[in-house]
2 protein chains.
Amino acid sequence: MDDRVPRPPAATLADVAAAAGVGESTVSRVLRSHGSFSPKTRERVMAAAARLGYVPNRIAGTLASSGSKLVGIVIPSLANIVFPDVLRGASQSLEADGYQPVIAVSEYDPLREEQSIAAMLAWRPAALMVAGLEHTAQARALMASSGTRIIELMDLDGPSIHLAVGYSNLEVGRASARHLLARGYRRIAYVGHDLAADTRAAKRLAGFEQVLREQGLALQDRETVAAPTSVEAGQAGLERVLARAKGVEAVYFSNDDMAFGGYFLCLSRGIVLPEKLALFGFNGLAIGRVLPQPLSTIRTPRVEIGAAAARLAVAPFTCDPPPDPRLDLGFELVPGGTA
Amino acid sequence: MDDRVPRPPAATLADVAAAAGVGESTVSRVLRSHGSFSPKTRERVMAAAARLGYVPNRIAGTLASSGSKLVGIVIPSLANIVFPDVLRGASQSLEADGYQPVIAVSEYDPLREEQSIAAMLAWRPAALMVAGLEHTAQARALMASSGTRIIELMDLDGPSIHLAVGYSNLEVGRASARHLLARGYRRIAYVGHDLAADTRAAKRLAGFEQVLREQGLALQDRETVAAPTSVEAGQAGLERVLARAKGVEAVYFSNDDMAFGGYFLCLSRGIVLPEKLALFGFNGLAIGRVLPQPLSTIRTPRVEIGAAAARLAVAPFTCDPPPDPRLDLGFELVPGGTA
DNA sequence: ATGAAAGCGCTAACAG
DNA sequence: CTGTTAGCGCTTTCAT
């Protein structure tokens, strides 16, 4: 913290070259192990670099080579473990290739997403990962014309700009409904969070209702809490459904967090699961597996999605017709014990 | 994905200048609303920029102005919600100031942390946030001599390089012990995850044992699962303690995730909380509050820590003696119902 | 195997 | 208020 003595400017590649008594381009070659140089020269350069505490300036490097090692990641939320999982997969895979993730969080706001995308693009990233397929027209235009590889995550139900990695939320909803129906539940309610912005949750619900309709059924009740997803919201939502709708046999939640809220409400009230009430979630979070009755849910390969996206982000496209623009990593229904 | 037609190179500031019929510096001034220009000129520049779909190149801008709007954030894990919370606070606050977070995850490996720090520094970030006060000697040297503002997070028990924001883990441990003692528990066990790398968990335990010792007591049993923190690990850990140590009255867990594992084990086995066994965690996660018996724990201001760190990261230091290098955001003991 | 020199796209004086 | 001119620190031809 002693800034009183103005610190000498950081060593540059030119300083290293001078100290090693070689040209700048030689230092550049040695430091990137690219091109040819004698072992002897290598020694001297490395020694000089170490001596000066040289840290290469990637900003300058990127500008000169017009090829950044930054990958932009725009996600809607960090409020539950879902996107951190995706981030984890991506960052792990990216790091292995010498890339760095730059992140932005849109809080499920399309406008903020658009601004984040614009901001990311200004860093000329090697690729841009963004959650979902729905974006403002402006954002789509920006991405489509940017020349940057765009990878859309966690949704396959719709057209993608370049590449999409994830699963079908519509199919998730359909599978969930089929499971509940197969278990004999007919009077089913839905408890979800604010759907306006979370288009993926909306698609799951759409798929769910589709299957019900196909069987001549309909949702018994439907509670949409005007708040972001949370255990509290799930609890409050179920509370309202129980107070209102009589004879509900099963509840489909917008995701596991919401379902946990419902689960603990049942526990507190002594509502026996799944006999008196069945619960079904989405995501397959770890905690659901250690509950006295494991939560019935659908597990998604979040870390794998992040990792796959990272691979696509840095992979050179060798083939002229690009690889299949859709990478379906699927999902797994976990029967559990609550439905 | 149609790359067959080689896309024209992205418009540059020079292109905009030419299109608007003004000089480059004028465009630069207008685009950054910095310096003076006539409203008329402004119009023409904005129009030209919009027409060309101009996206400024921050890489070039940074190199020219030697002031990056990137902030590096190096965290140990994304496996639970703790660091995503910090990230959320930081990204929110950073974004408001036009900064972008670049993240790296060390997986609690000091060497990977060191490499991540070096990689981040190469982007010449405005500031670097890093979790904890313990780093390799090399990493410390890198940070100390980088000329970059360093902000260490989530720990105040030890010397910081520049600034530290968080709370005292030692005090957290002490407060936890005092609480359990005050409630009359004497035969106390500890269930934790792999402590070798998680120095903050180790400090909490040290503080906890300190207080026990002051009362002439000692831990009744101590189970350290050789795995990262998780609900499963917490469950397995408590299982072993129960199988081994008889008469344990209370268990102190390394964190809430671990405690949840224990909680649900008790639920499954019909162990009445807190009469037959008391549980105490750390972090104050949301889920703990909706449990039939809210988890007794200590809540930490994670989002606030991220936000405060972001503010320090971008704040110009006006004062010569820098502000207090330690920002203690404290913690709050949540009595709950399990201890 | 190595060096010289020309940029990469922008910002920051400095003139006008 | 606006244009000209140097760089920022590196990579990349292109010679040698």
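Note on naming: letters A, B, ... go to the chains in the order of the sequence lines (proteins, then strands), and numbering restarts at 1 for each one.
- Think of the region where chain A sits on DNA chain C: with heavy atoms and a 4.0 Å cut, that region ends 5' and 3' at C:dA1 to C:dG9.
- A:Leu329 is linked by a side chain to side chain contact (heavy atoms under 4.5 Å, CB included) to A:Val165, A:Pro301, A:Glu304, A:Ile305, A:Ala308, A:Leu327, counting only residues two or more places apart in sequence or in another chain.
- Every side-chain hydrogen bond (donor to acceptor under 3.5 Å, both in side chains) that A:Arg32 has, sequence neighbours left out, goes to A:Ser28.
- Listed by first and then second residue, the salt bridge (charged side-chain N to carboxylate O under 4.0 Å, His left out) pairs involving residues 93-120 of chain A are A:Glu95-B:Arg112, A:Arg112-B:Glu95 (not counting sequence neighbours).
- Each salt bridge (charged side-chain N to carboxylate O under 4.0 Å, His left out) pair with one or both residues in residues 126-138 of chain A, not counting sequence neighbours, appears once here: A:Glu134-A:Lys203.
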>> Before you tell me yes or no, could you show the steps for A:Trp123 and A:Thr62 under side chain to side chain contact (heavy atoms under 4.5 Å, CB included), namely the whole-Å CA-CA distance, both residues' side-chain angles and the distance that decides it to 0.1 Å?
In response: CA-CA 10 Å; A:Trp123 290 103; A:Thr62 300; over 6 Å; no
> Which letters describe nucleotides 1-11 of chain D, given B = protein heavy atom under 4.0 Å from base, S = only from sugar-phosphate, - = neither?
Replying inline: BBBB--BBBBS
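- Not counting sequence neighbours, A:Gln100 has no partner by the side-chain hydrogen bond (donor to acceptor under 3.5 Å, both in side chains) test.
- Applying the side chain to side chain contact (heavy atoms under 4.5 Å, CB included) test to B:Phe37 and every residue at least two apart in sequence or in another chain returns B:Arg29, B:Val30, B:Arg42.
- Among residues at least two apart or in separate chains, there is no salt bridge (charged side-chain N to carboxylate O under 4.0 Å, His left out) pair with a member in residues 46-69 of chain A.
- Scored by the side-chain hydrogen bond (donor to acceptor under 3.5 Å, both in side chains) test, A:Ser66 finds no partners at all (sequence neighbours excluded).
- Residues satisfying the side-chain hydrogen bond (donor to acceptor under 3.5 Å, both in side chains) criterion with B:Thr41, sequence neighbours excluded, are B:Ser38.
- Direction of the helix axis in the helix from C:dA1-D:dT16 to C:dG16-D:dC1 shifts by 30° between the two five-pair termini, rounded to 10°.
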